[in-house]
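Working notes, structure below.
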Amino acid sequence: MVDAPKQPPVAEPSGEPAPAEPARTMPRLPRSAGSLIALALLFVIWELVVRVGNVPAYLLPPPSTVFLRIFSDRDFILYNAGVTMIAVTAGFALSIVVSIPLAAVLAQYAWIEHTVYPLLVASQTIPKVALAPLMVVWFGFGLTPKILITFLICFFPIVVDTLVGFRSLSKEVRWLAKSMGVSRWHMFTQFQVPAALPNIFAGIKVASTLAVVGAVVGEFVAADSGLGYQLIVANGLLDVELSIAILVVLSVLGILVFAVVDVCERLALPWHVSQRHNDLAAGGR
Amino acid sequence: MTRVVIDNLSKVYKTRRDRIHALDRISLTIGEGEFVSVVGPSGCGKSTLMSLVSGLEFPTSGEVSLDGVPIRAPITDVGIVFQTDVLLEWRTVLSNVMIQAEMRKLDRATYRARAEELLRTTGLDGFGGKYPHELSGGMRQRASICRALVHDPSLLLMDEPFGALDALTREMMVLELHRLWLATRKSILFITHDIEEAVFLADRVVVMTPRPGRIAEIITPNLPEARDMRIKQIPEFGAAVGRIRTIFEETGILKTI
């Protein structure tokens with residue numbers, strides 16, 4: 001998206017700017033309103049199906065009792081959510097900190113890319129879930145294996161998208177920079193990095209939705225607290241109500257991480273975000 | 001004084017399948033303060049010629065020299081305008097122009113004033129704070145011309161800069177460029193596929209034919225220095241345009257009906 005779609009050459013000799021969008025006739029709802037209504041509708045249907053169909057609560061409890069359970073067990077849930085979020089945040093941050101410089105190095109030297117990139121791709125064919133038990137063997141119980149699994153799951157999409165971003169610099173921009181006699185460092189900081197930022201954020205967004213998954217997988221096998229661990233326990237006790245309550249909380253956590261990234265992107269790339277205001281793909285890739 | 005000497009220049013691009021002879025034994029000079037147009041159909045190696053003169057690509061054989069020094073690396077005392085505007089989307093218009101000064105470590109305050117002056121003269125007054133995507137195609141290209149001029153280079157290379165513009169904007173930009181050249185007397189290599197544009201602007205017009213890219217003829221139209229659109233009615237203008245058309249017809253680029 002860096003070679004931005006040019007506006008069609010509007011009638012312009014007088015130096016008029018491109019005309020503004022025609023005013024909307026409908027009052028504008030926040031963009032998220034639609035999905036919130038749909039979600040609420042889903043809960044209503046779920047509630048109705050369970051109540052009308054007399055589904056036993058040990059198979060599928062109605063959402064109302066799930067929400068009540070979240071409320072009544074809020075201390076327990078908050079504590080475990082906190083534990084999970086530490087792993088999510090640390091693993092996610094680690095993946096960002098490692099992936100972007102790695103992609104930057106790959107992008108600078110073609111031979112490194114040719115050597116390392118195939119290995120990276122090959123490494124992704126190993127199911128990370130299957131690695132989790134090994135992590136326990138190597139790093140024991142606790143935070144470290146959780147962070148590492150989160151990291152392993154998040155890091156690939158960031159590397160790939162960042163690399164695409166660094167590669168997206170057109171020949172003309174490169175030439176323009178060279179005709180100004182820029183140093184390699186300036187070529188990187190002033191041209192490659194800004195051009196890559198939209199792709200970097202795209203990769204981080206994908207990773208942000210995976211971060212919670214990574215932490216939960218880690219907690220399945222290598223933890224004694226956290227939402228993932230409590231999910232396993234609740235399943236073992238056939239406490240479907242708590243299981244679903246935890247799933248709801250996990251999903252909220254995932255949305256939260258995504259939202260934080262989205263806000264950062266808006267702040268960092270006003271020129272990019274404003275260009276795709278009606279782009280559906282913008283919200284969730 | 002001669003500034004750019006292009007001596008027996010050939011460029012062959014090798015692809016996996018075959019060799020593309022983009023330029024074949026081109027010899028040409030650009031004098032101090034001279035405006036040289038290169039006109040030819042697409043695929044005649046015009047853009048290649050520009051990238052070789054700017055030192056961004058290197059010839060297969062032959063040589064380009066600037067002020068007597070052979071070009072072996074990208075030259076920097078130059079302003080380049082590409083076919084596309086190549087504006088950086090993440091920088092505002094003013095900051096796109098100012099990147100020249102920043103990268104060349106020139107005095108910010110001085111060049112900021114110059115950049116604003118250039119934006120004013122090209123009708124972009126008040127648009128300095130806008131991002132490129134908020135501008136129309138013509139305004140974007142004007143901003144990129146400002147960027148090519150802000151550091152006051154003595155040589156200007158323009159590769160079909162008005163190719164993507166509508167006819168009216170284009171005519172206005174041609175007049176602006178002519179005024180600018182009269183005022184500053186930069187050496188300009190101007191590449192175009194528009195015959196009238198080439199003749200209108202230039203001291204000399206280099207006519208190129210494709211496959212391989214060769215110089216068919218170099219025409220000196222002998223038009224008065226200061227020009228406006230009325231010049232298109234004088235016989236010398238018509239003669240020069242007619243001659244170029246004849247060359248293109250003889251080589252089968254233009255068909256006579």
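Chain A is the first sequence line, chain B the second, and so forth, proteins listed ahead of strands; every chain is numbered from 1.
Legend: ring-ring contact (aromatic ring centres under 6.0 Å, His included) pairs involving residues 171-201 of chain A, not counting sequence neighbours, sorted by first then second residue: A:Phe166-A:Phe188.
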- Between A:Gln124 and A:Phe155, does a side-chain contact (heavy atoms from CB on, under 4.5 Å) hold up when you go through it step by step? CA-CA 10 Å; A:Gln124 290 308 301; A:Phe155 119 113; 4.1 Å; yes
- So B:Glu176 and B:Ile145, side-chain contact (heavy atoms from CB on, under 4.5 Å) or not? Walk me through it. CA-CA 11 Å; B:Glu176 269 178 35; B:Ile145 292 174; over 6 Å; no
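Taking the six-membered ring for Trp and thresholds of 30 and 60 degrees, B:Phe35 and B:Phe190 have ring planes inclined between 30 and 60 degrees apart. Relative ring orientation between B:His178 and B:Phe200 is described as perpendicular, the plane-to-plane angle rising above 60° on a 0-90° scale split at 30° and 60°.
Using a 4.5 Å cut-off between heavy atoms, B:Glu57 touches chain A through its side chain atoms alone. Neither the backbone nor the side chain of B:Leu124 comes within contact range of chain A; no heavy atoms are under 4.5 Å apart. Neither the backbone nor the side chain of B:Arg170 comes within contact range of chain A, judged by heavy atoms closer than 4.5 Å.
Checking side-chain atoms of B:Arg147 against main-chain N and O of B:Asp85 turns up a donor-acceptor pair under 3.5 Å. B:Lys11 contributes a side-chain N or O that, together with a main-chain N or O of B:Phe58, makes up a donor-acceptor pair within less than 3.5 Å.
Contact check for A:Ile204 versus A:Ile100: side-chain heavy atoms found under the 4.5 Å cut-off. Using a 4.5 Å cut-off on side-chain heavy atoms (C-beta onward), B:Leu56 and A:Arg174 make no contact.
The stretch residues 70-79 of chain B places B:Pro74, B:Ile75, B:Thr76, B:Val78 near chain A, each with some heavy atom under 4.5 Å from a heavy atom of that chain. Contact annotation for residues 104-120 of chain B against chain A (heavy-atom separation below 4.5 Å, listed by residue number): B:Arg104, B:Lys105.
Residues satisfying the salt bridge (charged side-chain N to carboxylate O under 4.0 Å, His left out) criterion with B:Glu32, sequence neighbours excluded, are absent altogether.
No side-chain donor from either of B:Thr84 and A:Glu172 sits under 3.5 Å from a side-chain acceptor of the other.
Highest contact tally toward chain A, considering only B:Leu87, B:Ile99, B:Thr92, is held by B:Ile99 [criterion: heavy-atom pairs under 4.5 Å].
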